[in-house]
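Naming: A, B, ... by sequence-line order, numbering from 1 per chain.
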Amino acid sequence: MLAGGIRPDTIVYNSLLDGLLKARKLDDACNLFEKMVSEGTRASTHSFNSLIHGLFKNSRPVAGFVLFRELKKKKGTFVDGISYSIVITELCREGQVEEALELVKEMDERGFVVDLATVSSLLIGFHKSKRLDLTERLMKIVRYGSIVPSVIQWKESMEAAMRSPPDKGKDYTPLFPFTGSLDDVYNLISFKSDQGIDGACLNQEEAKDEWSPSPHLDKLAKIADSVDKFGTPFTVHRGKRVHGLGYKTFDVDMVNTYLSIFLSKGKLSIACKLFEIFATLRREKEANSYTYNSFMSSFVKKGYLRETWAVLHEMGEKLCSRDIATYSIIIQGLGKLGEAEVASSVLEQLSKKGGYLDIVMYNTLINALGKGGRTEEATKLFNQMVASGVNPDVVTFNTLIEVNAKAGRVKEAYKFLRKMLFLGLSPNHVTDKVLDNLEKAIEKQRSNQATNSEKIDSKET
DNA sequence: GTAGGGTTAG
């Protein structure tokens, strides 16, 4: 019950519920949901969709699937096209594409539209599990709505365009020209300190609004659309979702989907070709932060740091706003450069600026510190993260187990594994891989100990 | 007025 005896309605509860789940506060979300039910506020399809998606995001996939199955059994409308889309996406992420396709069939039969978001997930899933043949089957299954044929047409016109690209023989390098040095990179990521937006923020903050329900939220709102030293807008929001415009438009959302497909396979040159065609055609939609983040992330993974900073530079030129993901990638890049200190300070600055640090940011820096051999500092950051109320997830634990195992700190690695299981987080396929490596680390330690004791033995005799 | 895809660990 809120102050003043006003009872929150379903929409208020849904918003809170979704916020808690996105902030990975699963327990709080469950408590809130129970409160909502006990107060007699009706849960809507929206509420359940948030819950299912939240369970997936909070490493409780089985619970999510079970909830979906139970809701389908109930009389009345508890599931809709979005529910199906959420579950299909999760199945695709887990590589269960056949099962995903079964659900597509079911949703279509029930009259729910298989829309662009759903098809995007499916296409990425098909490519990931090397089941391109399923695209044909998808086309045959879907009768309701017309997005699938138009996606196929889109793909065909993209491939036709790629066969005769405007600039043949170019590789990725000239696409994002940047000849700067590391110093310029620091400039790209530094924030205004004393004057300008930050200063203005502080001044405004001094004149506090007594009636404001939350000074913290006010501060967030003020910095949300501020501009950093380079003139690049910084937003605490993620890139906005836009709807597809049809196959003729070569729209940025489909480009982003295919960039993701090409980049995940390491096909950088094809991805760049696609981007080049897109940029040359200059359709009504510009590249957005998803587009640039995809490239940066891929360049970082390949170790092409110069190109990474070049993309960052271009984002600035295009006044494309950087979001949380952009900063995670920057931190990742700095980690690769062995600049863990700078990476830490970027996080610190962001935290000072808005106080909003998301779990991925923490995970990325923990990874950067760990890979840089700073295992202690990684653990420290983990503790700091927990202390500030951010719940660690499977990624956090996988990372910590991995870096500790690699550093030969077997005990620590096991400590994190136990902690993860204690928190009720289910291990995933990455955990399996990481644990295999841990086994190897133990083997190595054993054989080292054996040779050492042999040495001692031989000394003694 | 609230929910889903495409960027962030391996």
- Task: Just call it for A:Ile82: base, sugar-phosphate, or nothing, with non-hydrogen atoms closer than 4.0 Å on any strand.
- Result: base

- Query: Counting just side-chain N and O atoms, does A:Asn367 come under 4.0 Å of either OP1 or OP2 of B:dG10?
  - Reply: yes

- In whole angstroms, how far is the P atom of B:dA9 from the NZ atom of A:Lys371? 9 Å

- So, is A:Ser297 close to the B:dT8 phosphate, meaning a side-chain N or O under 4.0 Å from OP1 or OP2? yes

- Task: Report the nucleotide, chosen from B:dT2, B:dG5, B:dG4, that has the shortest atom-to-atom distance to any side-chain atom of A:Thr118.
- Result: B:dG4

- With a non-hydrogen cut-off below 4.0 angstrom, is A:Asn398 in contact with a base, only sugar-phosphate, or nothing? base

- Item | side-chain hydrogen bond (donor to acceptor under 3.5 Å, both in side chains) contacts in which one or both residues fall within residues 412-427 of chain A, not counting sequence neighbours | none

- Item | Atom-pair distance (CZ on A:Arg24; P on B:dA9), nearest Å | 13 Å

- Tell me what A:Ser50 touches on the nucleic acid: a base, only sugar-phosphate, or nothing, going by heavy atoms under 4.0 Å. sugar-phosphate

- Query: Reckon A:Arg93 has a side-chain N or O less than 4.0 Å from the OP1 or OP2 of B:dG10?
  - Reply: no

- Message: Listing request: all ring pair (Phe, Tyr, Trp, His ring centres under 6.0 Å) pairs with a residue in residues 115-135 of chain A, at least two apart in sequence or in separate chains.
- Response: none

- Query: Counting any heavy atom closer than 4.0 Å, what does A:His46 reach on the DNA or RNA strands: base, sugar-phosphate only, or nothing?
  - Reply: base

- Could you check how far CG of A:Asp18 sits from C1' of B:dG1, rounded to whole Å? 13 Å

- Message: Distance criterion of 3.5 Å, no angle test: do you see the side chain of A:Ser120 paired donor-to-acceptor with the base of B:dG5?
- Response: yes

- Check if the side chain of A:Asn363 and the base of B:dA9 share a donor-acceptor pair of N or O atoms closer than 3.5 Å. no

- Between A:Phe56 (CZ) and B:dA3 (C1'), how many Å, whole number? 13 Å

- Item | Separation of B:dG4 P from A:Asp115 CG (nearest whole Å) | 13 Å

- Message: Quick check with a 6.0 Å cut-off and a 45 degree axis cone: is A:Lys302 positioned over the face of A:Phe299's six-membered ring?
- Response: no

- Query: What integer distance in Å separates A:Ile331:CD1 from B:dT7:P?
  - Reply: 19 Å

- Presence of donor-acceptor pair under 3.5 Å, side chain of A:Asn256 and base of B:dG5: no

- Between A:Lys57 and B:dG4, is there a side-chain N or O to OP1/OP2 distance below 4.0 Å? no

- Query: Short question: side chain of A:Lys128, backbone of A:Gly95 - any donor-acceptor pair under 3.5 Å?
  - Reply: no

- Message: Please confirm whether the ring centroid of A:Tyr304 lies under 6.0 Å from the ring centroid of A:Trp309.
- Response: no

- Task: Assign A:Asp9 to base, sugar-phosphate, or nothing according to its heavy-atom contacts below 4.0 angstrom with the strands shown.
- Result: base

- Which part of the nucleic acid does A:Ile124 contact within heavy-atom distance under 4.0 Å: base, sugar-phosphate only, or nothing? sugar-phosphate

- Is there a donor and acceptor pair closer than 3.5 Å between the side chain of A:Ser83 and the base of B:dG4? no

- Between P of B:dT7 and CZ of A:Phe262, the distance in whole Å: 14 Å

- Item | Short side-chain N/O contact from A:Lys22 to OP1 or OP2 of B:dG4, under 4.0 Å | yes

- Item | Presence of A:Ser260 side-chain N/O under 4.0 Å of B:dT7 phosphate oxygens OP1/OP2 | yes

- Please determine if A:Glu402 and A:Lys406 form a salt bridge, counting it only when a charged side-chain N lies under 4.0 Å from a carboxylate O. yes

- Is A:Lys72 salt-bridged to A:Glu106, going by a charged N under 4.0 Å from an acidic O? yes

- Query: How is A:Asp393 classified with respect to the nucleic acid when contacts are heavy atoms under 4.0 Å: base, sugar-phosphate, or nothing?
  - Reply: nothing

- Measure distances between side-chain N and O atoms of A:Ser85 and base N and O atoms of B:dG4, and say whether any donor-acceptor pair falls under 3.5 Å. yes

- Whole Å only: how far is the OH atom of A:Tyr290 from the P atom of B:dG5? 7 Å

